[in-house]
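Notes follow the structure.
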There are 2 protein chains.
Amino acid sequence: MSNPSTVSTAGFSAAHPIRILIVDDQAMVRQGFGALLDAQEDMSVVGSAADGSEVVDLVRTTRPDVVLMDIRMPRVNGLDATRAVFAMPGDQHPRVIMLTTFDADEYVFAALQAGASGFLLKDATAEDLAGAVRVVAGGEALLAPSITQKLIADYVSRPAARTPDTRVLGALTERELDVMRLVATGRSNAELAAELFLSEQTIKTHVSRILAKLGLRDRTQIVVTAYESGLVSAGS
Amino acid sequence: MSNPSTVSTAGFSAAHPIRILIVDDQAMVRQGFGALLDAQEDMSVVGSAADGSEVVDLVRTTRPDVVLMDIRMPRVNGLDATRAVFAMPGDQHPRVIMLTTFDADEYVFAALQAGASGFLLKDATAEDLAGAVRVVAGGEALLAPSITQKLIADYVSRPAARTPDTRVLGALTERELDVMRLVATGRSNAELAAELFLSEQTIKTHVSRILAKLGLRDRTQIVVTAYESGLVSAGS
DNA sequence: GAGGTCGTCACCCGGGCGGGTGAACGTGGT
DNA sequence: ACCACGTTCACCCGCCCGGGTGACGACCTC
């Protein structure tokens, strides 16, 4: 899995070793992976922690490029620790690779959402691990094949991320879009009037214009169109 | 990127070589990749094609385990060819790895949706390619790191695949869910009556029951709840 | 057979909704 | 200066919608 950016990363890191922080509650893992990665000439393990609670402080003091993070840990788990890392002020967040002993698919989405760039099983070989660190340090991402498989299956089952439809957004004025968004929450005209500090009649005018411009009949069709066009989306 | 299943695959394929079909319009690629993979002792290139139009026939006659498919080809492109392969009758479809000369992110989702299990750039090394074939033949999936990066970015931006909410699905009867789904398309009571061959009054009764059971006020809130609960979802 | 749920349908009533028309004000373009 | 457009608001009207009540048959449980 090499490609131009991996190569350039390797060249770059010869001068500036990739700084690595290892977070795992098992001392064996910290020592094993630590020694293994430290042996790579383009990498340097700058710290380790046994608990997610120390991660933020360590990131602040050691400034790692890549954090290897066990997902299951006592006290603060890897998920929360990752979220905490990406919640840190500034925009120089380290890249995070999640480690898991077995196939914990229920955490994959949460981990990626939290900001992780990689997901490896702990049975990975030395080459796998070192390669993954280089890939992730190079700004790309890498998942274990079994994880990739699950991710793809989940991915294709999700609706395409909808960019708000231009045919809708274009025809309506900004104010009408405001009203449409609120109509799509199930509110009545009177409620919209109160919400927007307007007369109910004004709301009715806006709603009528929306209906006319979009060729719809009633407010239920406005709600449907709002969802289908991506103006609003499920999950609030 | 090795793991138990990769190992078992290799062990399995020593007795039964992985059968490979190569589809690419460039003769250089067919010959190069073909010779490269054929040199692997656990692989056997069983055919090649320069055009997506021949793929279905070749899959039928050569029964490959893995198809390496260029995404850009004259006449029938790799996307359509992949769809055609998975549209073939029977359930013993080969696994498909898409190849692309450069970073064609706009095709990634379509390719995966079509059924592809892998996505590689053509600058992959021999080890990358052979490793990817083994991973995919073993039932898992593998993406180039730059593709993985884009996939993750797109993935986390999508709303979680909603499993229809039990609080909604549980309270309503099957018939009421039917009506709710149709209400959520923006139809009037009269239209629902016609659609379901019922009296309009019956529809009104169902709608009233839905409103009462879910604690809603009017049909627009039914539409909102239908979308938010996952009973229906955008993208039709 | 008694009781419960579900699906079907009827009548009446009140109210929110949508349609039509008109108008005022401010902004921006030519 | 003029017109177009967007935003705001008013009055009137017709009607679909939602609420209440009651009913009938089918099915299932006990």
Side-chain angles (χ1 to χ4, degrees), chain A residues 164-232 236, chain B residues 164-232 236:
Chain A
D165 197 330
T166 324
R167 292 180 307 238
V168 174
L169 199 140
L172 302 182
T173 67
E174 205 50 52
R175 197 57 163 164
E176 287 162 353
L177 288 174
D178 290 341
V179 174
M180 185 163 174
R181 270 184 280 262
L182 288 174
V183 169
T185 65
R187 270 167 261 226
S188 70
N189 287 339
E191 288 168 340
L192 294 200
E195 193 114 0
L196 298 176
F197 305 105
L198 291 178
S199 143
E200 185 176 347
Q201 184 54 42
T202 303
I203 301 295
K204 292 175 67 175
T205 304
H206 284 310
V207 171
S208 286
R209 284 212 212 293
I210 295 169
L211 293 173
K213 285 185 177 178
L214 300 184
L216 304 176
R217 177 171 19 104
D218 52 46
R219 59 202 298 112
T220 71
Q221 296 189 343
I222 293 183
V223 180
V224 173
T225 305
Y227 275 99
E228 293 295 332
S229 72
L231 181 66
V232 300
S236 54
Chain B
D165 196 330
T166 324
R167 290 179 307 234
V168 174
L169 200 140
L172 301 183
T173 67
E174 204 51 51
R175 198 55 163 165
E176 286 162 354
L177 288 173
D178 290 341
V179 174
M180 185 162 174
R181 271 183 280 262
L182 288 174
V183 169
T185 65
R187 270 168 260 228
S188 70
N189 287 339
E191 286 168 341
L192 294 200
E195 192 116 0
L196 298 176
F197 305 104
L198 292 177
S199 143
E200 185 176 346
Q201 185 54 43
T202 303
I203 302 295
K204 292 174 67 175
T205 305
H206 284 310
V207 171
S208 286
R209 284 211 214 293
I210 295 169
L211 293 172
K213 285 184 178 178
L214 299 184
L216 304 177
R217 176 167 22 102
D218 52 47
R219 58 203 298 113
T220 70
Q221 295 188 343
I222 292 183
V223 180
V224 173
T225 305
Y227 275 99
E228 295 296 332
S229 71
L231 181 65
V232 302
S236 53

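This structure is a prediction, so every number in the text was calculated from the model and none was measured.
- With the nearest nucleotide of DNA chain C identified for both Asp218(B) and Leu196(B), Leu196(B) has the one nearer the 5' end.
- Among the protein residues, Thr202(B) comes within range of the nucleic acid bases, having at least one heavy atom under 4.0 Å from a base atom.
- The residue Ser188(B) sits close only to the backbone: its heavy atoms come under 4.0 Å of sugar-phosphate atoms, none of a base.
- With rounding to whole Å, Lys204(A) atom NZ is found 16 Å from dT21(C) atom P.
- Computed from coordinates, the Arg209(B) CZ to dG20(D) C1' distance equals 12 Å when rounded to whole Å.
- Side chain Glu200(A) to base dC9(D): no donor-acceptor pair is found below 3.5 Å.
- Of the candidates dC9(C), dG19(D), dG19(C), the closest approach to any side-chain atom of Ser199(B) belongs to dC9(C).
- On a pure distance criterion of 3.5 Å, no polar donor-acceptor pair joins the side chain of Thr173(A) and the base of dC5(D).
- For the pair Arg217(B) and dG18(D), the criterion of a side-chain N or O lying under 4.0 Å from OP1 or OP2 is not met.
- Straight-line distance from the CZ atom of Phe197(A) to the P atom of dT7(D): 18 Å, rounded to whole Å.
- The CD atom of Gln221(B) sits 15 Å away from the C1' atom of dC17(C) (whole-angstrom rounding).
- Atom-to-atom, CG of Asp178(B) to C1' of dC6(C) comes out at 13 Å; the value is rounded to the nearest Å.
- Residues Glu176(A) and Thr173(A) have side chains that bring a donor and an acceptor to within less than 3.5 angstrom of each other.
- Candidate nucleotides dT7(D), dC9(C), dT8(D) were compared by shortest atom distance to the side chain of Leu198(B), and dC9(C) ranks first.
- The phosphate of dG16(C) (OP1 or OP2) has no side-chain N or O of Asn189(A) nearer than 4.0 angstrom.
- When all heavy atoms of Gly186(B) and Gln221(A) are compared, the pair lying nearest together is O-NE2, 3.1 Å.
- Along DNA chain D, the nucleotide closest to Ile203(A) and the one closest to Ala190(B) are compared, and the more 5′ of them pairs with Ile203(A).
- When rounded to the nearest whole Å, the span between CZ of Arg175(B) and C1' of dT5(C) equals 16 Å.
- Between the P atom of dT7(D) and the CD1 atom of Ile210(A) lies a distance of 10 Å, rounded to the nearest Å.
- Nearest heavy-atom pair, Thr185(B) versus Val224(A), reported as atom, atom and distance to 0.1 Å: C-CG2, 3.8 Å.
- In summary, Glu200(A) and Arg187(A) do not engage in a salt bridge, as defined by a charged side-chain N under 4.0 Å from a carboxylate O.
- Note: NE2 (His206(A)) to P (dC5(D)) measures 17 Å, nearest angstrom.
- A pairwise comparison of heavy atoms in Leu211(B) and Arg219(B) identifies CD2-N, 4.4 Å as the closest pair.
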